[in-house]
Amino acid sequence: MKHQASELPLGKPQARKKAPRIAPLLIALTVLFTIIPLYYPSLRYNSNPKKINQASSFHPHSEITLEQNNDQDHHLVEEGDRTLAAPKETQGDDDIAERPPESSKDQEDESADTETRTTTKPPEIDLPSSTESGLAIAESLDKRADQTSRGQEQVINGKKPARPGGNKERPKRRQHDFGGSPKEREMPARRIPSLSGGDGGLVNKSQELIEKKGEGYCNLFSGEWVPNPEGPYYTNETCWAIQEHQNCMKFGKPDTGFLKWRWKPDGCELPIFDPQQFLEIVRGKSIAFVGDSVARNHMQSLICLLSRVVYPEDVSITTDENKRWVYKDYNFNISMFWAPYLVRSEKTVPNDVTRPFRLYLDEFDEDWTSNIETYDYVIISAGHWFFRPTLFYVDRRLIGCLYCPQENVTHLKSSFSYRRAFRTAFRALNSLDNFKGVTFLRTFAPSHFEGGQWDKGGDCVRTRPFKRSERALDDYNLEMYRIQLEELRIAQKEGRRKGLKFRLFDATQSMLLRPDGHPSKYGHWPNHDVAMANDCVHWCLPGPIDSWNDFLLELLKREETEISFS
C-alpha cells in the first residue's frame with residue numbers, strides 16, 4: 001500500500017516538472033504583447049503606400065483616369081465616355097442632320113455617370129495606334145505649327161521638360177483642349193462674362209479684334225433689334241433662291257412679325273442693304289462662302305437681296321453643294337464651298353451623312369483651299385455639325401472621338417475639334433502663296449430650341465426678339481464663340497506678317513436675340529406619316545439673317561475706305 005500510496009502523488013512531481021515549460025511561454029507572451037503594440041502603428045503606416053502603389057500600377061492609365069475627375073477644365077471627360085450610338089437619325093438632307101447638342105443639364109448628368117464609370121474601370125487602349133500616343137503627336141504637331149505665333153497668348157501648353165537623369169515620376173495628364181491660357185482652362189465657361197452680361201467682357205474682347213477704328217467708328221455688333229415697318233425687302237415670290245426648308249411664307253408661318261425688325265448698333269446706324277451700292281463696290285471682284293448650310297443660308301439671302309436689281313447666272317460645274325453664281329454686268333461672282341467641318345473629312349458610311357464622319361483635324365480640305373486663292377473676299381463659318389458623332393484623326397492616327405460607342409477611344413469634347421478645325425482652316429489661308437483676299441470670320445449663330453431637345457419635341461415658337469438684358473450667351477454657345485475669337489486673333493497676327501487681313505464678322509450677339517426667325521415646323525408641308533424635327537437652326541428667308549448682309553455691306557465699305565487712305 002505504501003508503494004501504491006507513494007505512487008498516488010506521482011502527478012505532483014510531474015506538475016512541478018511542467019512548470020518550467022509554462023514560465024517561458026508566459027514570458028514570451030508578455031514580451032510579444034508588449035512589442036506588438038509598439039511596432040504595430042509603424043507597420044500599419046508603412047503598409048498602405050505599398051498597397052496604393054500596387055493599385056496605381058495595376059493599370060498603366062489608372063492615375064490619368066483618376067485625375068480626370070478632379071480636372072476643372074473638363075477637357076477630356078465632360079462630353080462623356082458615351083456608349084450610345086449616333087443620335088436619332090432623321091428624314092432629309094444634310095440640313096436635318098445639322099442639329100445642336102443635348103441640353104447642358106443632360107450632358108452634366110451623363111458626364112457625372114461617366115466619370116464614375118471611368119474611375120472604377122479605366123479605359124483599355126488596345127488600338128494599333130493608341131489614342132494616348134496619338135494625342136502626344138497632336139501636341140507635338142501643334143507646338144511646331146505655333147512657333148510662329150510666340151508672344152501671342154499660348155494656345156497650346158505642352159508637357160514639362162523631362163528632368164535631368166530621367167523623369168521617374170508618373171507624368172501628369174496632358175491638357176488636350178489645345179486652347180486658352182492655363183488660367184482660362186481652369187475657368188468654367190459659365191464664369192466668363194457673357195455677351196449680354198453687365199460688364200460686356202466678350203464684347204470688349206471682340207472689339208479688340210476689329211482692327212480699323214477711324215473717326216466715326218462704332219462697333220456694329222453691339223446693339224439691339226428695333227422695329228422696322230419697311231421690311232421685308234423681298235418675298236418668296238420675288239426670289240427663286242430660297243430653299244424649301246427656309247421658305248416659311250410658303251408653308252404658312254402664322255406670325256410675320258419676325259420680318260419687321262432691323263439691327264441698331266450702339267452709337268451709330270447700320271443702313272439697310274442697298275443692292276446697287278453693293279454691286280458697285282464688288283464690281284470686278286468675287287466672294288466665297290466657306291462652311292455649312294447656314295453659310296449657304298447666308299449666301300441665298302444675299303442673292304435674294306440683290307435680286308431687287310439683277311439675277312445671277314448659275315455657272316456651277318458640279319452637281320453637289322458647291323455652287324457658283326455670276327453677275328456678268330458687274331464682272332462679279334459668288335461661290336459656295338461646302339465645308340461643314342472646314343478640314344478634310346470622310347464619311348464612315350458612303351452616301352450617308354447621318355453616320356459619323358472622320359475628321360482629319362490637321363489636314364486642309366483641298367476642295368476649297370485649292371480653289372480659294374483668286375477670291376477677293378472669303379466668309380468662313382462653321383458650327384452645328386461639330387455636335388455630331390465624329391472620329392478625330394491627327395497625323396492619320398485616331399486620337400479620340402465625340403459620341404462614339406467605343407470604350408477604348410479617348411472621348412473628347414466638341415470644342416476640341418472646333419478649335420483645331422478653325423486653326424487648320426486659318427493656317428491654310430495663311431499658307432497660300434497667291435491669296436491676297438480679305439477673310440471674314442462669321443461667328444457662331446446659336447440655335448433656339450426650347451421645351452425639349454431637337455429630337456424630343458424642342459421648338460422655337462417665340463414671336464419677338466429678346467432684349468439683350470433678357471438673354472445671355474452661355475454653355476456651349478459661349479465656348480464656341482470664345483474659341484472663334486481666340487483662333488481669329490492668332491490668324492490675324494500671322495496674317496499681318498504675310499500681308500493678309502482677317503476680320504471679325506460677329507453675328508453671335510445679334511442672332512442670340514432672334515428666337516423668332518427660325519422655320520420651326522414651317523419648312524415643309526404638314527405630314528402626319530413622317531416625323532420631322534422642328535428646325536430651330538436655320539433661318540427663314542426673308543428673315544433675320546438678311547441683316548448679315550447689312551453687316552457685310554458696311555464691312556466692305558470699311559475695307560474700301562481703308563484702301564483709299566492707305
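Any value given below was found using the heavy atoms of this structure, including those in side chains, with hydrogens, waters and symmetry copies removed.
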Checking side-chain polar atoms at under 3.5 Å, does [X] have a donor or acceptor matched by the opposite partner on [Y]?
{"X": "D546", "Y": "S301", "value": "yes"}
{"X": "S415", "Y": "E479", "value": "yes"}
{"X": "N534", "Y": "Y522", "value": "no"}
{"X": "H518", "Y": "H448", "value": "yes"}

Aromatic centroids of [Y] and [X] separated by under 6.0 Å:
{"X": "F221", "Y": "F551", "result": "yes"}
{"X": "F278", "Y": "F273", "result": "yes"}
{"X": "F387", "Y": "Y476", "result": "yes"}
{"X": "F444", "Y": "H384", "result": "yes"}
{"X": "F357", "Y": "W385", "result": "yes"}
{"X": "F337", "Y": "Y375", "result": "yes"}
{"X": "Y327", "Y": "F332", "result": "yes"}

I'd like to know if [X] pairs up with [Y] as an ion pair, taking the criterion as any Lys NZ or Arg NE/NH1/NH2 lying under 4.0 Å from an Asp or Glu carboxylate oxygen.
{"X": "D266", "Y": "R468", "value": "yes"}
{"X": "E494", "Y": "R427", "value": "no"}
{"X": "E486", "Y": "R489", "value": "no"}
{"X": "E321", "Y": "R296", "value": "no"}
{"X": "E450", "Y": "R462", "value": "yes"}
{"X": "R464", "Y": "E470", "value": "no"}
{"X": "D255", "Y": "K253", "value": "no"}

State, with a plain yes or no, whether a side-chain heavy atom of [X] is found less than 4.5 Å away from one of [Y].
{"X": "P465", "Y": "E224", "value": "no"}
{"X": "L429", "Y": "L500", "value": "no"}
{"X": "L342", "Y": "D365", "value": "no"}
{"X": "D506", "Y": "Y481", "value": "yes"}
{"X": "Y234", "Y": "I242", "value": "yes"}
{"X": "T439", "Y": "I380", "value": "yes"}
{"X": "H538", "Y": "Q243", "value": "no"}
{"X": "F289", "Y": "S335", "value": "no"}

Distance (rounded to the nearest 0.5 Å) between [X] [atom1] and [Y] [atom2]:
{"X": "Q509", "Y": "L473", "atom1": "CD", "atom2": "CG", "value": "9.0 Å"}
{"X": "T256", "Y": "D516", "atom1": "OG1", "atom2": "CG", "value": "11.0 Å"}
{"X": "T443", "Y": "L441", "atom1": "OG1", "atom2": "CG", "value": "6.5 Å"}
{"X": "L391", "Y": "C401", "atom1": "CG", "atom2": "SG", "value": "6.0 Å"}
{"X": "R283", "Y": "N331", "atom1": "CZ", "atom2": "CG", "value": "9.0 Å"}
{"X": "C218", "Y": "L220", "atom1": "SG", "atom2": "CG", "value": "5.0 Å"}

Taking all atoms of both residues into account, what is the closest heavy-atom pair of [X] and [Y], and its distance?
{"X": "N430", "Y": "A491", "result": "ND2-O, 3.5 Å"}
{"X": "M249", "Y": "P542", "result": "CE-CG, 4.0 Å"}
{"X": "A472", "Y": "L512", "result": "C-CD2, 3.9 Å"}

Quick one: does [X]'s side chain have a donor or acceptor within less than 3.5 Å of a partner on [Y]'s backbone?
{"X": "K493", "Y": "R497", "result": "no"}
{"X": "W261", "Y": "G257", "result": "yes"}
{"X": "S510", "Y": "A507", "result": "yes"}
{"X": "D274", "Y": "Q277", "result": "yes"}
{"X": "T424", "Y": "A421", "result": "no"}
{"X": "D475", "Y": "N477", "result": "no"}
{"X": "D376", "Y": "S286", "result": "yes"}
{"X": "K501", "Y": "V438", "result": "no"}
{"X": "T390", "Y": "R388", "result": "yes"}
{"X": "N297", "Y": "W539", "result": "yes"}

_Residue of the set F416, Y418, Y403, Y360 for which ring pair (Phe, Tyr, Trp, His ring centres under 6.0 Å) holds with F392_ = F416
*Any chance NZ of K323 has more than 12 other-residue heavy atoms, nucleotides or ligands included, within less than 6.0 Å?*
yes
Decide whether a cation-pi geometry holds between [X] and [Y]; the criteria are a distance under 6.0 Å from NZ or CZ to the six-membered ring centre and an angle within 45° of the ring axis.
{"X": "R262", "Y": "W225", "result": "no"}
{"X": "R442", "Y": "F505", "result": "no"}
{"X": "R503", "Y": "F440", "result": "no"}

*Parallel, tilted or perpendicular for F426 and F422, by the 30°/60° rule?*
tilted
*Please state whether the rings of F386 and Y341 are parallel, tilted or perpendicular, taking 30° and 60° as the class boundaries.*
perpendicular
*asked:* As a test of understanding, state which of R358, R344, R420 forms a salt bridge (charged side-chain N to carboxylate O under 4.0 Å, His left out) with E363.
replied: R344
*Starting from the C-alpha separation in whole Å, work towards a yes-or-no answer on salt bridge (Lys or Arg N to Asp or Glu O under 4.0 Å) for E373 and K436.*
CA-CA 7 Å; E373 284 187 313; K436 304 300 179 185; over 6 Å; no
*Give me the one residue out of L541, D535, N236 that meets side chain to side chain contact (heavy atoms under 4.5 Å, CB included) with Q246.*
L541
